[in-house]
*Asks:* 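Have a look at the structure that comes next, please.
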Amino acid sequence: HDGLRLLWSLLKCKDDKVRANSAGALSILLDTPQNLNYMSQTLMSGLPVLLDQLRSDVREVQSNACAMVGVVSKSPAVLGVMTENGLLRLVAKLTVTPHDIVRKQVAFAIAHCCSYGDNKAVFGQQRVSAGGVVMSAVAALVPYLKSHDIEVLRMTAVAMMHLSEDYDNASALREAGAVEPLVDLMGRGDELLTYASAGACAHIRYSYWYKTSQHAQGEVRDWLTKSQLTYDSRSTVISVAPPTTRTAISSITMGGPGRK
């Protein structure tokens with residue numbers, strides 16, 4: 001475990017390459033119950049250092065920091081502390097990135113952040129700006145569905161499936177045009193992608209139907225909460241492995257594409 005402590009201390013390094021590679025290594029090493037349990041018991045004081053990486057302007061640092069956030073969020077205690085320290089706001093700001101190496105990890109982090117308290121609803125209340133247009137952080141995920149990277153598509157569909165359990169988020173996704181690309185993704189032949197896309201579409205459709213139904217009468221949110229029982233098997237999806245890409249930048253030009 002001394003190695004975990006050393007790698008964590010390197011997150012404070014001024015060199016972007018060192019911080020990016022340290023976060024990437026930690027996101028892999030902490031993705032085991034034993035190491036995650038050790039981290040949650042002894043390294044909680046280091047969480048602000050992790051959150052600081054989300055403020056970086058270097059996309060490799062952003063990508064690997066988000067991967068690390070998604071992994072450590074599997075611990076409810078760790079996720080609770082990060083949430084209280086502004087995690088959702090920091091992750092929301094990264095949703096407008098145009099880079100797939102960041103997008104896949106942002107979506108992965110969001111999918112796991114949604115498992116705590118009312119994080120789904122709170123995340124949907126975050127506002128971001130792209131090209132002078134202000135939108136919800138949930139709507140900012142819709143362009144991800146045009147990616148040619150299968151990992152971006154998988155993680156985005158999973159994130160949308162969980163976010164859409166909230167009525168307002170489901171409405172935001174529908175208004176942002178998420179339904180058509182999600183339907184297309186169901187036929188891609190990828191099991192996780194099909195499952196998550198179908199789940200997101202179901203939530204969006206149910207929220208819209210009850211919004212327009214004369215029987216709704218203010219009971220939309222209660223109904224959606226009860227409807228989650230139909231999808232209780234979804235709990236296994238939120239623990240999917242993080243995207244395989246960790247962006248090592250020890251041997252590439254800063255700002256260049258990551259390598260697998």
*Asks:* Hydrophobic clusters here meaning ILVMFWY residues chained together by side-chain heavy-atom distances under 4.5 Å, can you tell me if Val138 and Val142 are in one?
*Replies:* yes
*Asks:* Verify, without hydrogens or angle tests, whether Tyr38 (side chain) and Leu43 (backbone) share a donor-acceptor contact under 3.5 angstrom.
*Replies:* no
*Asks:* I'd like to know if the side chain of Asp31 and the backbone of Val71 have a donor-acceptor N/O pair within less than 3.5 Å.
*Replies:* no
*Asks:* Any side-chain to backbone donor/acceptor pair from Ser63 onto Ile101? Under 3.5 Å, distance only.
*Replies:* yes
*Asks:* Are more than 12 heavy atoms, taken from residues, nucleotides or ligands other than Glu180, located less than 6.0 Å from that residue's CD atom?
*Replies:* no
*Asks:* With the side chain counted from C-beta on, respond yes when Cys113 and Met82 share a heavy-atom pair under 4.5 Å apart, and no when they do not.
*Replies:* no
*Asks:* Scan side-chain atoms only and decide if Ser164 and His203 contain a donor-acceptor pair under the 3.5 Å cut-off.
*Replies:* yes
*Asks:* Would you find a donor on one side and an acceptor on the other, under 3.5 Å apart, between the side chain of Thr156 and the backbone of Leu153?
*Replies:* no
*Asks:* Just by distance, do the side chain of Asn169 and the backbone of Lys120 share a donor-acceptor pair under 3.5 Å?
*Replies:* yes
*Asks:* Taking Gln62 for its side chain and Ser56 for its backbone only, find out whether a donor-acceptor pair lies under 3.5 Å.
*Replies:* yes
*Asks:* Considering only heavy atoms from C-beta outward, does the side chain of Leu50 approach that of Leu26 to under 4.5 Å?
*Replies:* no
*Asks:* Under 3.5 Å, side chain of Asp118 to main-chain N/O of Ala121, donor-acceptor pair present?
*Replies:* no
*Asks:* Do other residues, nucleotides or ligands put more than 12 heavy atoms under 6.0 Å from Arg188 CZ?
*Replies:* no
*Asks:* Do the side chains of Arg5 and Asp2 get close enough for a salt bridge, i.e. N-O under 4.0 angstrom?
*Replies:* no
*Asks:* Please find the pair of heavy atoms, one from Ser129 and one from Val96, that lie closest to each other, and give the distance.
*Replies:* O-CG1, 3.8 Å
*Asks:* Heavy atoms, side chains only, cut-off 4.5 Å: are Leu79 and Leu87 in contact?
*Replies:* yes
*Asks:* Is a side-chain N or O of Ser197 found less than 3.5 angstrom from the main chain of Thr194, in a donor-acceptor match?
*Replies:* no
*Asks:* For Arg19, does its backbone N or O pair with a side-chain atom of Gln53 as donor and acceptor, under 3.5 Å?
*Replies:* no
